[in-house]
Amino acid sequence: EDDAKPKDEL
Amino acid sequence: MNVFRLTGDLSHLAAIIILLLKIWKSRSCAGISGKSQILFAIVFTTRYLDLLTSFISLYNTCMKVIYIGCAYATVYLIYAKFRATYDGNHDSFRVEFLVVPVGGLSVLINHDFSPLEILWTFSIYLESVAILPQLFMISKTGEAETITTHYLFCLGLYRALYLFNWIWRFYFEGFFDMIAIVAGVVQTVLYCDFFYLYVTKGWFSRPYRL
């Protein structure tokens, strides 16, 4: 699964 | 951070501030969907819970705090301070038809079955459709003030710019987040009809009429 975190986007 | 991401964030910020100032200066929230604004407040609240758990950057923290603060300020102006000007009769979109399916979907399709991640996913899905009560209200009344169209334009532009940001990040960083991308495409598509009218009809100075 693609790594989505940590979330730097708003 | 790339140019699309930064301009996207600034466009988002501009949209939020345009709406807040419009309501404040005109002392009226006529033509504004309070339901969409509540949904956006829920979106920011559920997405930015990581403010409490992780620090990413000063920019990130500041923007999140500003977004959340402005979202609640807008809801306060609509439902408390200028409640008398709120046009509830035309704001009749059934938000449960959005929130319930979105809640179910975020439990079913997410990156990780953990509370924070599910809430983040919920916020992404909800944001993609949160503008629908506003668009529904405009289609119902058949008009929108010019400043409201600027708000919608900036809000739609923000997600469109994020799409370019994701293309950029995919090519240059190998990064992609399928949930954000799919929801972002859906969100941008919802604005396409509006973009078309905004540009072709030259509603930069005239009231928007369908």
Side-chain angles (χ1 to χ4, degrees), chain A, chain B residues 1-2 4-6 8-13 16 43-44 47-51 53-57 59-68 109-114 116-117 119-121 123-124 127 158-159 161-163 165-166 168-170 173-184:
Chain A
E1 195 64 19
D2 41 286
D3 53 339
K5 43 185 168 180
K7 324 270 193 222
D8 67 323
E9 289 178 345
L10 301 162
Chain B
M1 181 67 81
N2 57 63
F4 299 114
R5 163 73 200 285
L6 182 62
D9 285 349
L10 294 178
S11 176
H12 196 185
L13 187 64
I16 292 168
V43 163
F44 291 139
R47 186 174 309 168
Y48 299 155
L49 286 172
D50 63 353
L51 275 173
T53 60
S54 56
F55 177 80
I56 292 152
S57 67
Y59 171 83
N60 189 281
T61 301
C62 288
M63 292 297 260
K64 285 175 174 173
V65 169
I66 292 170
Y67 285 179
I68 292 178
I109 303 176
N110 52 56
H111 292 309
D112 179 29
F113 199 79
S114 66
L116 265 186
E117 191 64 27
L119 285 171
W120 177 84
T121 311
S123 84
I124 293 287
E127 184 189 350
Y158 136 69
R159 221 45 175 174
L161 286 165
Y162 255 66
L163 293 184
N165 160 52
W166 289 323
W168 177 286
R169 291 192 72 178
F170 179 71
E173 300 168 27
F175 171 91
F176 75 99
D177 181 333
M178 198 46 90
I179 286 177
I181 291 170
V182 172

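Naming convention: chains lettered A, B, ... in sequence-line order (proteins, then strands); numbering from 1 in each chain.
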Quick check on B:Asp50 against chain A: is it the side chain, the backbone, both or neither that has a heavy atom closer than 4.5 Å? side chain
Taking side chain to side chain contact (heavy atoms under 4.5 Å, CB included) as the test, write out the residues that go with B:Ile66, two or more places apart.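 B:Ile66 satisfies side chain to side chain contact (heavy atoms under 4.5 Å, CB included) with B:Leu13, B:Cys70 only.
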Show your working on side-chain hydrogen bond (donor to acceptor under 3.5 Å, both in side chains) between A:Glu9 and B:Asn60 and close with a plain yes or no. CA-CA 8 Å; A:Glu9 289 178 345; B:Asn60 189 281; over 6 Å; no
Going from CZ on B:Arg5 to CG on A:Asp8, what distance comes out if it is rounded to the nearest 0.5 angstrom? 5.5 Å
Salt-bridged, B:Glu117 to A:Lys7, with N to O below 4.0 Å?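 Looking at B:Glu117 and A:Lys7, the cut-off is met.
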When you measure from the side chain of B:Tyr162 to the backbone N and O of A:Leu10, does any donor-acceptor pair fall under 3.5 Å? yes
At a heavy-atom distance under 4.5 Å, which candidate from B:Phe44, B:Tyr59, B:Tyr48 has the highest pair count against chain A?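 Winner by heavy-atom pair count: B:Tyr48.
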